[in-house]
Amino acid sequence: MNEKEHHEHQEHHEHHDHKNHNDHHKMMIEDFKRRFFISLIVTLPILILSPMIQEWTNIEVEFTGSNYLLFALATFIYFYGGWPFLKGLKDELKEKNPGMMTLIAMAISVAYFYSSATVFGLEGSDFFWELATLIDIMLLGHWIEMRSVLSASKALDKLSELMPNTAHLFKEDNVVDVDISELNADDKILVKPGEKIPADGIIVKGNSYINESMLTGESKPVEKSQGDKLIGGSLNGDGSLEVEVKNMGDDSYLSKVIDMVQKAQESKSKTQNLADKAAFWLTIIALTIGFATLVIWYLITRDFTYAIARMATVMVITCPHALGLAMPLVVATSTAQAAKNGLLIRNRTQFENARKIDTVVFDKTGTLTLGEFKVNFIKVFDDEHTEEQVIKHAATLENNSEHPIAAGILDKLQEMELDPLDMQDFQAIKGKGVEGTIDDKNVMVVSPGYLRENDMTIPSDLPKHGVSTDVFLLVDGQLIAAIGLSDGIREESYDAIKRLKEEGIKTWMLTGDNEETAKQVAEELGLDGYFAEVLPEQKQDKIKELQSEGRFIAMTGDGVNDAPALAQADVGIAIGSGTDVAAETADIILVNSNSEDVVSLIDFGRATYKKMIQNLIWATGYNVVAIPLAAGVLSGIGIVISPAVGAILMSLSTIIVAINAKLLKLEG
């Protein structure tokens, strides 16, 4: 297989993997569920055959080989029900990151091997029923938790879907359709109106408005003509373009974004959730106390079997059943509550970390602002024209333009219930405005830049207003009127920023817009800082920059261009109205696109974390009492906790924890 084929083969596979990720999540949920129910059924005969349970219930079930049957059933449950944990142990140790799986796997292994030894001659009573119930509870906990948390990432899938599959290639004098993978640098391709651009390139001929919003997040189509760069995956407007291909495959902008997202996600997946951290410490404690128990008892009694029995009891008791349920129940409750309030949690470790957020970075367009222009004022400078005439003239010209400012002026025309006029000789003045002939007069709508270049004075007494852009109407070279437009700040943005400030959280803004506009928005909203004129690919670096100052960052955004930054931030928050891609790389999705939800999210993250700590204390508090007793601290006065009492304490702590989890509420 040559290198190119190999690469395509690999890409095909990668694409395929992401497709399967969600199905994989569903399959795992089903798997835990199946293992739970089957293990539960096998647990019943184990309970009936267990000597300890028989003591409690005074039911004797004893027949030749009954202990071998017990051993056989327990062996099945250990390998079948315990499989996910044994596999998890291997993964966690490979990552050098022992957590929940290590603790569970250790406890069930000690219980299993010790109990098996008692069947084959070691003195002592077995823990088979403990083993079975422990596995049942842990399977149940994992099943509940996985069901509640939204499945992880299809992000890279969504990104690769932005690319079309074929391109129109110029060959000799013909245009032929080829597969994208067959394109090479410097090939010339044709992009027809309304098509997606198949590779990064440069326009050789033609001009058009290109919609790059899914890549750059900027809502307005950008006018491009000969010599301008195009990004693969963006959408061509109504012009036909001849393009020279520059970057394909791995070098393309989109692949770089995919790559940035992947790297950021990997570095993030190393962080552990609370249950794993707790489990890590319990593992260490169990091992330390377990071995200490063995050594001390052996030194005191010189009776190895007794010492082993005490050690096994300690190790099994240390694995808190309650912890296996404590966390998943809180997760399930908090996920359900959050969803009711429009917060979809996709990564629960990051959600638990929301309490640590000290800086929230907002993407401007579409998050803090509406992303659409509205006319704020019309100021007429001469007596011959009325506001209606000004809007009619301006709208007639703008009727042929794709610019968002044009859309704002046309909206105003409709609002005033007027009709456009007739016009000839329309043309766009690159980057400066538009002109045409109306009633034999030359009419132009231009930017302040055009006035400056032509040494015309820009009126200084224009109303100041929000985040604004002013355009000017010229008739036969005379300045007739100014029209002020602005991209409106969302109402809820004000409250969101105010509430974050009250909680002592810093607010920053990232935008591709110019310094002036950025400054206006930042001052209007009272932000702590902003980054202006940030290119999409630099957004991630800006987040890193803030992180390097030791801040814990939440990033809120809505476009593909925000994806790497969302993945990079400590907590990535996607605004619901944004692109699927942003949602896929975020840890949490705000369904209502309301920036105020960021505040609720932080508060709720705190509440959830508090609940988890409470449950941890309950779940492990039982251990604090049970472990020393099981280790035989008070054996001098005849108190050694029997596994039976251990079991009762354990069930109690599990019930308390379950009830506590259900009490979690989101104060909205």
Side-chain angles (χ1 to χ4, degrees), residues 217 337-338 340-344 350-351 353-372 374 376 464-468 486-511 513 515-532 534 539 542-543 546-547 549 551-558 562 565-566 569-578 582 586-610 665-668:
Q337 290 260 358
K340 272 200 212 109
N341 289 280
L343 313 171
L344 300 182
Q350 274 20 78
F351 169 64
N353 283 337
R355 68 185 200 303
K356 295 196 255 179
I357 293 170
D358 56 23
T359 308
V360 179
V361 180
F362 292 95
D363 170 57
K364 179 182 82 77
T365 310
T367 307
L368 291 174
T369 64
L370 295 160
E372 50 200 54
K374 291 191 168 46
N376 288 335
K464 274 273 167 266
H465 59 108
V467 185
S468 55
S486 70
D487 175 3
I489 292 178
R490 287 171 183 262
E491 274 308 305
E492 54 268 27
S493 298
Y494 293 98
D495 285 343
I497 302 297
K498 199 171 116 219
R499 283 177 60 192
L500 287 167
K501 282 206 137 128
E502 281 163 12
E503 302 211 356
I505 293 167
K506 297 264 182 259
T507 49
W508 282 68
M509 175 179 76
L510 272 179
T511 176
D513 277 351
E515 177 72 26
E516 207 172 306
T517 311
K519 190 169 172 208
Q520 268 177 338
V521 178
E523 282 174 1
E524 176 91 5
L525 281 170
L527 301 176
D528 292 297
Y530 61 89
F531 294 114
V534 180
K539 286 193 174 177
K542 295 291 179 204
I543 299 285
L546 288 171
Q547 280 170 331
E549 297 169 13
R551 299 169 188 242
F552 200 88
I553 305 259
M555 161 82 190
T556 314
D558 63 349
D562 297 323
L566 288 173
D570 298 293
V571 181
I573 303 168
I575 293 277
S577 56
D587 303 304
I588 293 138
I589 301 159
L590 307 182
V591 183
N592 309 324
S593 310
N594 180 345
S595 39
E596 271 192 84
D597 286 346
V598 175
V599 193
S600 321
L601 165 83
I602 296 174
D603 292 346
F604 191 44
R606 286 178 184 163
T608 302
Y609 184 75
K610 235 175 32 221
K665 280 277 177 287
L666 169 55
E667 284 95 32

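- Nearest heavy atoms, Ala586 versus Gly572: CB-O, 3.5 Å.
- Considering all non-hydrogen atoms of both residues, Gly605 and Ala354 come closest at CA-CB, 4.4 Å.
- Looking only at side-chain heavy atoms (C-beta outward), Leu590 and Leu343 come within less than 4.5 Å of each other.
- Here the CZ atom belonging to Arg499 is positioned 10.0 Å from the CD1 atom belonging to Ile602, to the nearest 0.5 angstrom.
- Interatomic distance, CG of Asp597 versus CD1 of Ile589, reported as 12.5 Å (0.5 Å rounding).
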*Take Leu500 and Phe362 through the side-chain contact (heavy atoms from CB on, under 4.5 Å) test and state the conclusion after the steps.*
CA-CA 12 Å; Leu500 287 167; Phe362 292 95; 3.9 Å; yes
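- With rounding to the nearest 0.5 angstrom, the OG1 atom of Thr556 is 9.0 Å from the CG atom of Leu601.
- Considering only heavy atoms from C-beta on, Trp508 stays 4.5 Å or farther from Leu527 through its side chain.
- In this structure the side chain of Glu503 reaches within 4.5 angstrom of the side chain of Asp603, judged on heavy atoms.
- To the nearest 0.5 Å, atom CD of residue Gln350 and atom CD1 of residue Ile357 are 9.5 Å apart.
- Considering CD of Glu524 and CD1 of Ile497, their distance stands at 12.0 Å, rounded to 0.5 Å.
- For Glu515, the salt bridge (charged side-chain N to carboxylate O under 4.0 Å, His left out) criterion is met by no residue, not counting sequence neighbours.
- Take Glu502 and apply the side-chain hydrogen bond (donor to acceptor under 3.5 Å, both in side chains) test, not counting sequence neighbours, and it matches no residue.
- Taking 4.0 Å as the cut-off between side-chain N and carboxylate O, Glu549 and Lys506 do not count as a salt-bridged pair.
- Considering every non-hydrogen atom in both Asp363 and Gly557, the closest pair reads CB-CA, 3.8 Å.
- When side chains are defined from C-beta on, Met509 does not count as touching Leu525, because their heavy atoms never get closer than 4.5 Å.
- A distance-only check finds a donor-acceptor pair linking the side chain of Lys501 to the backbone of Gly526 [under 3.5 Å].
- Looking at Asp570 and Arg551, their side chains never come closer than 4.5 Å, going by heavy atoms from C-beta outward.
- The side-chain hydrogen bond (donor to acceptor under 3.5 Å, both in side chains) check on Glu492 picks up nothing, with sequence neighbours excluded.
- A distance of 5.0 Å separates CE in Met555 from CD1 in Ile543, rounded to the nearest 0.5 Å.
- Here the side chains of Phe531 and Lys539 are not in contact, with every heavy-atom distance at 4.5 Å or above.
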- Query: Val521 and Tyr530: side-chain contact (heavy atoms from CB on, under 4.5 Å), yes or no, with the steps?
  - Reply: CA-CA 9 Å; Val521 178; Tyr530 61 89; over 6 Å; no
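- In this structure, Ile573 and Ala554 approach most closely via the heavy-atom pair CD1-CB, 4.0 Å.
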